[in-house]
Amino acid sequence: MENNDQDQEEQGMRSLHHHCVSPVRFQNRTGRNVNLIWIDYEGKQGMLVELQKEQDQNLNTYVTHPWLAEDSETKERLLLNFSEVFFPVEPEIVINDFRPRRAQAKRILVKITTPVHRLEKYCKQVILGLVDKENIKHLPLPPIIIKILLES
């Protein structure tokens, strides 16, 4: 996580306790390799697993344990059920057998997807990724667009 804005957003976010298990299934629907990142009890990031393109992964986590996802190569933040941070919830109990004191919880589906960017932001990312900043002024673009790109 190299983006300072994201780091500042995540300050104070941490896992609180491990009282209630929350079984989840992470589904990578990005077409990219993805790092799943758990935020620990001190608010530090630790990569738990890398998901390959279109891979699913069952994990048992806990309520209050925040999760992030990022592109393994670009480190771009990805979405978990349309949010930048996934907080597991208390699972639905589908079978409850009181005699042996066992219960079976329904696994929560967490879809990992790419964020939708405004066209302007996406175009800036592509141009800045392809053209050195000193060459931007030579592109056949309107002056206002050149100015916006140079200010980025």
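- At most 12 non-hydrogen atoms from other residues, nucleotides or ligands lie less than 6.0 angstrom from CD of Glu90.
- Side chains of Ser83 and Asn81: a donor-acceptor N/O pair is absent below 3.5 angstrom, by distance only.
- Note on Phe87: it clusters hydrophobically with Ile37, by side-chain heavy-atom contacts below 4.5 Å among ILVMFWY residues.
- Of the possible donor and acceptor atoms, one in the side chain of Asp40 sits under 3.5 Å from a partner among the backbone N and O of Glu42.
- Between the CH2 atom of Trp38 and the OG atom of Ser15 there is a distance of 5.0 Å, given to the nearest 0.5 Å.
- Annotation: side chain of Val24 is in contact with side chain of Phe86 (closest heavy-atom distance under 4.5 Å).
- The backbone N or O of Val89 lies less than 3.5 Å from a partner atom in the side chain of Ser22, making a donor-acceptor pair.
- Through chains of ILVMFWY side-chain contacts below 4.5 Å, Leu139 is grouped with Tyr122, Val126, Ile127, Leu128, Leu130, Val131, Ile136, Leu141, Ile144, Ile145, Ile146, Ile148, Leu149, Leu150.
- Under a cut-off of 6.0 angstrom, the local environment of CD in Glu73 is sparse, with at most 12 non-hydrogen atoms contributed by other residues, nucleotides or ligands.
- We find the CG-OG1 distance between Leu78 and Thr113 to be 7.5 Å, quoted to the nearest 0.5 Å.
- Minimum interatomic distance between Lys111 and Leu109 (heavy atoms only, all atoms of both residues): CE-CD2, 3.7 Å.
- Using a distance-only test at 3.5 Å, with no hydrogens or angles considered, a donor-acceptor pair links the side chain of Ser72 to the main chain of Asn33.
- Val21 and Ile108 fall into different hydrophobic clusters, where Ile, Leu, Val, Met, Phe, Trp and Tyr are joined by side-chain heavy atoms under 4.5 Å apart, directly or via other members.
- Atom NZ of Lys44 has 12 or fewer heavy atoms from other residues, nucleotides or ligands within 6.0 Å.
- Using a 4.5 Å heavy-atom threshold, the side chains of Trp67 and Val85 count as separate.
- Under the 4.5 Å side-chain heavy-atom criterion for Ile, Leu, Val, Met, Phe, Trp and Tyr, Ile112 and Leu59 are members of the same hydrophobic cluster.
- Summarising the hydrophobic clusters (Ile, Leu, Val, Met, Phe, Trp, Tyr; side-chain heavy atoms under 4.5 Å, direct or chained), the residues clustered with Leu16 are none.
- The aromatic ring centres of Tyr41 and His65 sit less than 6.0 Å apart.
- For the atom pair Leu36 CG and Glu50 CD, the distance stands at 9.5 Å (nearest 0.5 Å).
- Checking Gln55 against Asn28 by side-chain atom types alone, no donor-acceptor pair falls below 3.5 Å.
- Listed for the Arg107 side chain is no donor-acceptor partner under 3.5 Å among the backbone atoms of Pro91.
- Every pair passing salt bridge (charged side-chain N to carboxylate O under 4.0 Å, His left out) that includes a residue from residues 26-37 is listed here, sequence neighbours excluded: Arg29-Glu54, Arg29-Asp56, Arg32-Asp71, Arg32-Glu76.
- Leu51 CG to Thr30 OG1: the interatomic distance, rounded to the nearest 0.5 Å, is 8.5 Å.
- If you take CE on Met13 and OG1 on Thr64, they are separated by 12.0 Å, rounding to the nearest 0.5 Å.
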